[in-house]
Amino acid sequence: MNSVRNGLLAASAIALALTASPALAQDVPREQTVIFDLDRTIADPTNFNWFTPGAYQRVQGAHQAMWEPLFILNYESGEIEPWLGTSFEPNDTLDAWTLTLRDGVEWSDGEPFNADDVIFTINMLLGDETAALQEAANMQQWVESVEKIDDHTVQFNLVGANPRFPLDYFSVRIFGSLLIMPEHVWAGQDPETFKFYDEEQGWPIGTGPYTFTTADTSRAVWDRNDDWWGAASGFIELPEPQRLIWLESGTEENRAQLLANNQLDAAQTVTLGAFEVIQAMNPAIIAWHGGMPFSWPDPCARQLEFNTTVAPWDDPNMRRAINNIIDRDQIVNVAYEGTTIPSRTMFVEYAAMAPFIDAILAEGMTLPTSANLDEARALIEGAGYTLNGDIYERDGEPLTADIIVNSASTELTRAVDLIVEQFRRAGIDAIARPVENSVFWGTVLPLGEYDLAYTWLSCGSVNEPWASMNRYTNHFVVPVGERSPGFNNSARWDTEATASYTAIVDEIGSMPLGDPAIPGMVAEAYQYFHDEMPFIPLVQASKLLPYNTTYWTGWPTAEDNYIHPAHWWNHTHRIIHNLEPAQ
Amino acid sequence: MSDAQMTSEALETADAGKPERTMGRFNKWDTPWLNGKLLTGAGIILAILVMGLIGRLVWDTELAFTGSSPLNLPPVGFENNRGQVGEWAHPLGTENSGRDMLAVLLLGTPNTFLIGAIAAAAGMGIGIVLGFSSGFIGGWVDGVIRLAADVTITIPALMVLVVISAVLRQIDLVTMALLIAAFAWQSPTRLIRSQVLSMKESGYVRMAKLSGASTIDIMFKEMLPNLIPYLFASFIAGATGAILAAVGLETLGLGPQRVPTLGGTIYDAISAAALLRNMWWWWGLPTVLLALMFVGLLLVNLGLDEIANPRLRKASK
């Protein structure tokens, strides 16, 4: 009897020891810890399969601290900086690219990172028949095969000329890049279901200077790996912070309190009003600019996405009517409190995009900054609607518009509340439908389960036009209920105009960057888009990102602009390496 | 307080009450309805309602919608964080999506009452029918109704409401009230049933039965008038509960989206960090109104309780 009891006690002691996370065993002082803000719940804290469709299994620190990119596009210098890769060179016809990897790179379990890992990862994506895995659609669009030249050299044979191949997929052009996974772990696993997590085996692993310690739905903790290859090989020194934490901050009120109390070092975007108060409470808080507008222009301009397969939004005239209902100036002044500007085209208003924007504007394709309700009403009535009281009706059915909005941020819900008012003023029974972040990206958008949505899906171009334009070509059209590959053309725009648009965009895609013919071709293709408006560009995005200098300095600012400040992107490695303790 | 004490006190007050009651019969001002608590409570509620109803005639209620006014203005006589002072065009200030607070409150306060009234009336209506049927008819009818009430009363209403309101396309005031009413009929049902059970044995009911009155007649013509103070008190309690449930849902962001409500305004204020931004007029004014409303309802309820229960009335004198 006694032995049974002792046995049980011993077993529970072991169980306790096993479940107690290593984080508890070792306490890291606050001044050696950097706390990043997470604007969403970690839906599945022990899933490190970043390919999972719709899931954002990397912003909890995985691609900022553990997985490194091959190259980093630095928005400030305009250069593509080498990281795990050292060079990516094309042949003369731009349809074969040769990647050279850095020497001495190791996974955190000691295995070398080499050409085999690259080839394995790309082949896995090429073999994904549903093209649902993240980046699979992109690889299948371009890559015919990958060849190993030697341990550190890989040749990508493309199906056609692509001058932007390294930029688009391997250089953190926006948010993320195609992350290479270790062959010795992933081989034989089903990439759709594999979680890449096993405490005993030490999974997940990466090449970055931090390894995973623990996570739950609201936080993830990463600790420095002092045996990191980068320091050993002389690539860069070990970063200063011993521990990195990603913490879900919740509401803006919470975020502000955490910043005021120095419990957060890098925060997600806040409204101007909140920022002013946070700064008054804690003078150590800074942002990209030292004064108005404080914010950094995010490359993903905001837009109103239609599901072009659903009546009445399958009618281009109805979509044009909406374009006339929108009052962009009001969205800027009310929802964004003057921290951004109206969009003039689908493109982000970066200096490098000016030639293409100008070419479009020169052809007279402009977006009104204020509403033109008379024209909107004429278009709606032309589609057979009549006003009954305040709301339009057709065959006894009221004209409704459910606008899906991601509830993760006040920025988005505020903008949509205002758009709803603008719709109502024009006689459309509009409502905002806030949905949870994972539902928004996981099902609603990719499966086309929406009528209208507030999105930024044309996001892509930052220094050339093809990346954004390509997203609305007819290569990606799938029926409602099937997953849009890579969120491309979720609007399911598929008309004769789309075909003409696609033909020109494909041609642009095969031309060298900077070819003088491109701006004219952009304007030509854009005419098809502008006539049918599968989505309506609204306003530029701005991110007012508070950084805290109480414990750490070296954050990116407009003055110290060594890189752009979006700390949930894959280039955050650069930021972390630049941090210095303040005390 | 021990049971013995309570009984003796009750006896004392009952004894002390005897002579007054016989005297008071001839004084027309000694009607139990002139109850101080009842009048004060009703006065508060009426004042709030009248302000809401008259206010919307004289003030532009279109200002209650997003983007209609300048942002973040403080009430007249105050200054906001940026040093802007309040304007008479927006006497109670504005919030950060450009809604005028006065217009929001003028629309939102009666809306909140309306939800309470509809929900309580619907709950009460169901309660009367089921309570009477259960108590008077008895038998298997009683069994089924009692079981249904006892089982559903244990379901945490807010939880179910959160799920339902998340599924609906659009929640307007009436939908919301009816949703809440679905969880507000059990208490009136049980209350009325117990009253009916005790009343069923009284002389006048037996007399009515002997005279051949129909069940419906006995239930609604003979017994119901005697229950009016009870029903009233129960209605007020129901309305209070319904308003509380509605405000709870609204404050979680699950209320009507576009129609201004007090709870919804508090939700907006919280999600936009109004506490931190020192925009007290945004969260404070609706909170004060809600507090006043609940105090008013509580007083009415206490007053009605005293009217329905003479012992309480004497004790308070």
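Quick note: numbers below take in every heavy atom, side chains included, and nothing from hydrogens, waters or symmetry partners. In what follows, chains carry the letters A, B, and so on, assigned in the order in which the sequence lines appear, proteins first and then strands, with residues in each chain numbered from 1.
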Quick check for you: among A:Ala335, A:Ala256, A:Ser407, A:Gly273, which has the greatest number of heavy-atom pairs under 4.5 Å with chain B?
A:Gly273
Nearest 0.5 angstrom please: B:Arg258 CZ to A:Glu421 CD, how far?
4.0 Å
Nearest heavy-atom neighbours spanning A:Glu337 and B:Asn72
OE1-ND2, 3.6 Å
Could you report the tightest heavy-atom contact between B:Leu276 and A:Gln257, atom names first, then the distance?
CD1-NE2, 3.8 Å
Proximal component of B:Leu71, with respect to chain A [non-hydrogen, under 4.5 Å]
side chain
At a heavy-atom separation under 4.5 Å, does A:Val435 approach chain B through its side chain, its backbone, both, or neither?
neither
Could you check whether atom CG of A:Asp390 has more than 12 heavy atoms from other residues, nucleotides or ligands sitting under 6.0 Å from it?
no
Select one option (side chain, backbone, both, neither) describing which atoms of A:Val334 are under 4.5 Å from chain B's heavy atoms.
both
Of the backbone (N, CA, C, O) and the side chain (C-beta and beyond), which part of B:Asn96 lies under 4.5 Å from a heavy atom of chain A, both, or neither?
both
Among A:Thr410, A:Thr271, A:Asp402, A:Thr251, which residue forms the greatest number of heavy-atom pairs with chain B at distances under 4.5 Å?
A:Asp402
Are there residues of residues 53-62 of chain B whose heavy atoms fall under 4.5 Å of chain A's heavy atoms? If so, which?
none
Pairwise distance CG(B:Leu275) to CD(A:Glu253) - rounded to 0.5 angstrom
4.5 Å
So with a 6.0 Å cut-off around CZ of B:Phe235, is the heavy-atom count from everything else above 12?
yes
Does the side chain of B:Thr66 reach to within under 4.5 Å of the side chain of A:Arg424, using non-hydrogen atoms?
no
Say whether, by atom type as modelled, one donor and one acceptor occur between the side chain of A:Gln330 and the main chain of B:Gly67 under 3.5 angstrom.
yes
So how far is it from B:Ser271 OG to A:Asn254 CG, rounded to the nearest 0.5 Å?
11.5 Å
Rounding to 0.5 Å, atoms OG1 (A:Thr413) and CG (B:Asp268) come to a distance of 8.5 Å
